[in-house]
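Notes to accompany the following structure.
Numbering of residues begins at 1 and proceeds along the displayed sequence. Being a predicted model, the structure only gives us computed values, none of them experimental. Values below: every heavy atom of this structure, side chains too, minus hydrogens, waters and symmetry copies.
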Amino acid sequence: MRNLATMQCVYESMYLPVFGFAGSVAPFEPGCILAVIDHFQIKRSSFCFDGTSKLFPPDALTTVPFIWATLVTATGSPRFDEDKEILIAGSVGPYGAFLTDGSEYTGSYISTCDIEHIKKWHRPRIQALIEGGCDILAFETIPAMQEAKVLIELLQEYPHMKAWLSFSCKDETYLSYGQHFVEVAQQCWKMNSTQIIAIGVNCLAAATATKLIAKLIPTNIPAVIYPNCGKLWDACKKVWIDANESQSGGIETYVEEWCKLGVKYLGGCCGTSMETYQKMKSIVDTYNLRLDRGTDSFASR
């Protein structure tokens, strides 16, 4: 019988806008066991103007104590199930997100930027997250194989740490930069299957993400999937716009299919509401219950 209990690690993940102070901080709801520090566009120089660095030291923004302080400030007190340990995942987004030109969805900077520069840019961010107390790293929205390999190399500098690796893709076959998703996933898994707990996709339409993951499953690489609400990012207007691809229903309508495919970690990315997370939780719990009772066809595989 397949045990899907570990899927709870991602399906209720909440992105805390550490740098986006104008945004709202999602409170911990009962049952949440993972919070993700979202610092896609942060680097040290971001806080080196107008005395900001004295008010908000860069390293402080990536520590676990800072997260809890932020939650208390925004919600009065962090609300969570005290019987569960809350895990903190440090988000390590692509270099393109820092450029704020939408290139995390194209990978265009890979052909113009020295890969050693990208590695040098990532190193202090990863170091700060690990030293700050994060339990795991989330290498996510990575558009190209070159950057994925850099991140895996940096992860190897911290043998005790683990991470998942999630790509941005332009269609149901290729990464945003044009490389074959499954082939890249296999190469990355071969590089470091000890520290990488799963490989998958995030921040794209659920229908496309599902097709990509369906192609990955036969490789036996543990899969992670967390699509966005089905929209595209307009880098010029800095807004989400409706995509040409129609997505009937919310991403929760895909959850049971992901379970049957054998996905190990699932969740939602940009535009995913608390209501959607709760629906996903209910579906996964129901599915696991059917597995325990042996009433689902997947249980006999």
Problem set entry | Student check: side-chain heavy atoms of L155 and I196 closer than 4.5 Å | yes
Seminar exercise, completed: The salt bridge (charged side-chain N to carboxylate O under 4.0 Å, His left out) partners of E153 (sequence neighbours excluded) come to K119
Exercise. Minimum heavy-atom separation for M145 to L175, with atom names?
Worked result: N-CD1, 3.8 Å
For this session: Report the distance from atom SG of C269 to atom OH of Y226, rounding to the nearest 0.5 Å.
Result: 6.0 Å
Problem set entry | Closest approach of L216 to V182 (non-hydrogen atoms, all atoms of both residues) | N-CG2, 4.1 Å
Exercise. Going by distance alone, is a donor N or O of one side chain under 3.5 Å from an acceptor N or O of the other, for E147 and H122?
Worked result: yes
Exercise. Quick one: does C203's side chain get under 4.5 Å of Y105's, heavy atoms only?
Worked result: yes
Exercise. Side chains of Q146 and Q179: is there a donor and an acceptor less than 3.5 Å apart?
Worked result: yes
Exercise. Is the backbone of M161 close enough, under 3.5 Å, to the side chain of Q195 for a donor and an acceptor to pair up by distance?
Worked result: yes
Exercise. How far does NZ of K149 sit from CG of L165, to the nearest 0.5 angstrom?
Worked result: 11.5 Å
Exercise. Is the shortest heavy-atom distance from the side chain of I199 to the side chain of C188 under 4.5 Å?
Worked result: yes
Problem set entry | Test item: T276 side-chain N/O and T272 main-chain N/O as donor-acceptor pair under 3.5 Å | no
For this session: Using a 4.5 Å cut-off on heavy atoms from C-beta on, say whether the side chain of L151 contacts that of V92.
Result: yes
For this session: Name the orientation class of the two ring planes belonging to F98 and W121 (parallel below 30°, tilted from 30 to 60°, perpendicular beyond 60°).
Result: tilted
Problem set entry | Test of ring centre spacing under 6.0 Å for W164 and F139 | no
Exercise. Measuring from I110:CD1 to S176:OG, what's the distance to the nearest 0.5 Å?
Worked result: 11.0 Å
Exercise. Do you know the tightest heavy-atom contact between I283 and E252?
Worked result: CD1-O, 3.2 Å
Exercise. Does OH belonging to Y158 count more than 12 external heavy atoms closer than 6.0 Å?
Worked result: yes
Problem set entry | Nearest atoms (heavy-atom pairs only) where I251 meets P227 | CD1-O, 4.1 Å
For this session: Report the distance from atom CD1 of I225 to atom CD1 of I213, rounding to the nearest 0.5 Å.
Result: 5.0 Å
Problem set entry | Any side-chain heavy-atom pair of I136 and I197 under 4.5 Å | yes
For this session: Let me see the working for K260 and E256 under salt bridge (Lys or Arg N to Asp or Glu O under 4.0 Å), right down to the final yes or no.
Result: CA-CA 6 Å; K260 290 181 178 179; E256 186 161 347; 3.5 Å; yes
Problem set entry | side-chain hydrogen bond (donor to acceptor under 3.5 Å, both in side chains) evaluation trace for T106 with K170 | CA-CA 8 Å; T106 66; K170 65 180 181 179; over 6 Å; no
Exercise. Cut-off 3.5 Å, side chains only: do Y109 and E104 have a donor facing an acceptor?
Worked result: no
Exercise. Would you say F181 and F167 make side-chain contact, with heavy atoms under 4.5 Å?
Worked result: yes
Problem set entry | With Q186 via side-chain hydrogen bond (donor to acceptor under 3.5 Å, both in side chains) - residues at least two apart | none
Problem set entry | Electrostatic pair K279-E275, nearest N-O below 4.0 angstrom | yes
Exercise. When rounded to the nearest 0.5 angstrom, what is the spacing between CG in L129 and SG in C134?
Worked result: 4.5 Å
For this session: Write down the atom of P94, the atom of P143, and the distance for their closest heavy-atom approach.
Result: CB-CD, 3.8 Å
Problem set entry | Residues L137, K162; criterion side chain to side chain contact (heavy atoms under 4.5 Å, CB included); working and verdict | CA-CA 6 Å; L137 297 177; K162 294 186 182 296; over 6 Å; no
For this session: May I ask you to decide if the ring planes of Y254 and W258 are parallel, tilted or perpendicular, using 30° and 60° as cut-offs?
Result: parallel
Exercise. Judged by atom type as modelled, is there a donor-acceptor pair below 3.5 Å linking the side chain of S111 to the main-chain atoms of S108?
Worked result: yes
For this session: Indicate the atoms forming the closest heavy-atom contact of I217 with A223, along with that distance.
Result: CD1-CB, 4.0 Å
Problem set entry | S166 OG to L204 CG distance, which is reported to the nearest 0.5 Å | 8.5 Å
Exercise. Are N202 and N228 side-chain neighbours, meaning at least one heavy-atom pair lies under 4.5 Å?
Worked result: no
Problem set entry | Verdict with supporting geometry, S91 and E140, side-chain hydrogen bond (donor to acceptor under 3.5 Å, both in side chains) | CA-CA 7 Å; S91 169; E140 54 186 4; 2.5 Å; yes
Problem set entry | T141/S168 under side-chain hydrogen bond (donor to acceptor under 3.5 Å, both in side chains): CA gap, chis, key distance, verdict | CA-CA 5 Å; T141 330; S168 73; over 6 Å; no
